[in-house]
Amino acid sequence: MCGRFTLRTPPRQLAEQFACELPEDFPVRFNIAPTQPVAAIRAGAGGQCEFTFLRWGLIPAWADDPRIGARMINARAETVAEKRAFRAAFQHRRCLILADGYYEWKKTPHGKQPYFIRLPQDQPFALAGLWETWRDPQNNETVGSCTILTTEAPEEMRAIHPRVPVVLLDDAPARWMTMDPQDKLERQQVLQAVNPRWLCLDPVDPWVNNPQNEGPRCISPLASGDA
DNA sequence: CCAGACGTTGTT
DNA sequence: GTCTGG
DNA sequence: CCAGACGTTGTT
DNA sequence: GTCTGG
């Protein structure tokens, strides 16, 4: 699954890679946790990209208590089109969650060992996301929130964890944003195309297997809170 | 019909 | 053990 | 995901 | 809001 990730890349580089305007600067994040703001790109009114921060943990529009979002941090790619909590967002409100690494915890007889997973050159990437707007009936304020899709881990990663976030590389971000959810065939194609198994993520290189080495400083043990 | 959920993860 | 909050 | 809580009473 | 379970 995906319960923690990083975003250390400078906004200017993200803006370039995702061809979207971003704020000039925001803090480096080594340990993004559920309920915290995450950097996201979604389709704006005119269809152009729009950068925003969204609370991690999707709060469905019909929720009467925003705390339900804490249990909606991930959505299974296999079933997201049908689930009541996600269906509407899947059809109309997909987004890109900006990241450059994520953590998975492997259970061992001694406890849990965190692994840090990132691309070979440490490039940033997008995670497939859905977003919603929830209006607080108390004060009429709105909360934008999101969830991250997960899929079965590629064979090489199963020793660490059976499921991983859907990582969008190359042209997959654009396809994720524009795919027609009604078209089951195309949905199949996109979900397969964005599965890391077909991409260049190498889970058995030192990036993954030696979290003690070379990783950002929050690894092993994970630092509490961001840098 | 109403009431209550609406989700994911794990399995040395 | 299980749930909540971050 | 992890860390931390997990409960009630009261009105000196 | 919409679906499931009783």
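Fair warning: this is a prediction, and the values are worked out from it, not measured in the lab. Heavy atoms only: backbone and side chains are in, while hydrogens, waters and symmetry mates are out. Note on naming: letters A, B, ... go to the chains in the order of the sequence lines (proteins, then strands), and numbering restarts at 1 for each one.
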Task: Dot-bracket line, read 5' to 3' along DNA chain B, where crossing pairs take [ ] and | marks a partner on another strand, Watson-Crick or G-U under 3.5 Å - done: ||||||......
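At whole-Å resolution of the value, CD1 in A:Ile73 and P in B:dG10 are 12 Å apart. Rounded to whole Å, the distance from CZ on A:Arg71 to P on B:dG10 is 19 Å. Atom pair A:Tyr102:OH and D:dC1:P shows a separation of 14 Å (rounding to whole Å applied). If you measure from atom CD1 of A:Ile32 to atom C1' of D:dC1, you get 12 Å, rounded to the nearest angstrom. Atom CG in A:Leu130 sits roughly 11 Å away from atom P in B:dT8 (whole-Å rounding). Taking atom CZ of residue A:Arg55 and atom P of nucleotide D:dC1, one finds them 18 Å apart after rounding to whole Å. Rounded to whole Å, the distance from CD1 on A:Ile117 to P on D:dC1 is 13 Å. Following rounding to the nearest Å, A:Ile160 (CD1) and B:dT9 (P) show an atom-to-atom distance of 16 Å.
For the atom pair CE of A:Met72 and CG of A:Leu130, the computed distance is 12.0 Å after rounding to the nearest 0.5 Å.
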- [ ] Can you check each nucleotide of nucleotides 1-6 of chain E against protein heavy atoms at under 4.0 Å and return B for base, S for sugar-phosphate only, - for none, in 5' to 3' order?
- [x] BBBS--
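Residue contacts shown for A:Pro60 are absent, as no nucleic acid heavy atom lies under 4.0 Å away. Counting any heavy atom pair closer than 4.0 Å across all strands shown, A:Phe5 reaches no nucleic acid atom.
Not a single side-chain hydrogen bond (donor to acceptor under 3.5 Å, both in side chains) links A:Asn139 to another residue, sequence neighbours left out. Qualifying salt bridge (charged side-chain N to carboxylate O under 4.0 Å, His left out) partners for A:Arg67, counting only residues two or more places apart in sequence or in other chains: A:Asp65.
Comparing B:dT8 with E:dG1, their P atoms are spaced 23 Å from each other, to the whole Å. Atom C1' of B:dT9 sits at a distance of 15 Å from the matching atom of C:dC3, rounded to the whole Å. Here the separation of B:dT12 from D:dC1, taken at their P atoms, is 15 Å to the nearest Å. For the C1' atom pair drawn from B:dA5 and D:dG7, the interatomic distance equals 27 Å after rounding to whole Å. The gap from the P atom of C:dG6 to that of B:dG4 amounts to 28 Å, rounded to the nearest Å.
Contacts between residues 136-146 of chain A and DNA chain B, defined by a heavy-atom separation under 4.0 Å, are absent.
Using modelled atom types, one finds a donor on one side chain and an acceptor on the other under 3.5 Å when comparing A:Asp100 with A:Thr9.
Other residues, nucleotides and ligands contribute only 12 or fewer heavy atoms inside 6.0 Å of the CD atom of A:Glu16.
Residue pairs that meet the ring-ring contact (aromatic ring centres under 6.0 Å, His included) test with at least one member in residues 118-151 of chain A, sequence neighbours left out, do not exist here.
Formation of a donor-acceptor pair under 3.5 Å by the A:Thr147 side chain with backbone atoms of A:Ile73 is found in this model. Using modelled atom types, no side-chain atom of A:Gln17 and backbone atom of A:Leu14 make a donor-acceptor pair closer than 3.5 Å. At distances below 3.5 Å, at least one donor-acceptor pair connects side-chain atoms of A:Thr6 with backbone N or O atoms of A:Gly101.
Using a 4.0 Å cut-off, some side-chain N or O of A:His161 falls inside it from OP1 or OP2 of B:dG10. Look at A:Thr79 and you'll find a side-chain N or O under 4.0 angstrom from OP1 or OP2 of B:dT8.
For A:Thr150, counting side-chain heavy atoms from C-beta on, the closest listed nucleotide (B:dG7, B:dG10, B:dT9) is B:dT9. The side chain of A:Lys83 lies closest to B:dT8, out of B:dT11, B:dT8, B:dC6.
Below 30°, between 30° and 60°, or above 60°: for A:Phe90 and A:Trp176 the angle between ring planes is between 30° and 60°, a tilted geometry. Ring-plane geometry between A:Phe53 and A:Phe51 is classed as perpendicular, the angle between the planes exceeding 60 degrees on a 0 to 90 degree scale with a lower cut at 30.
A distance below 2.5 Å between sulfur gamma atoms is not met by A:Cys95 and A:Cys146.
Salt bridge A:Glu152/A:Arg158: present, at least one basic N to carboxylate O contact under 4.0 Å.
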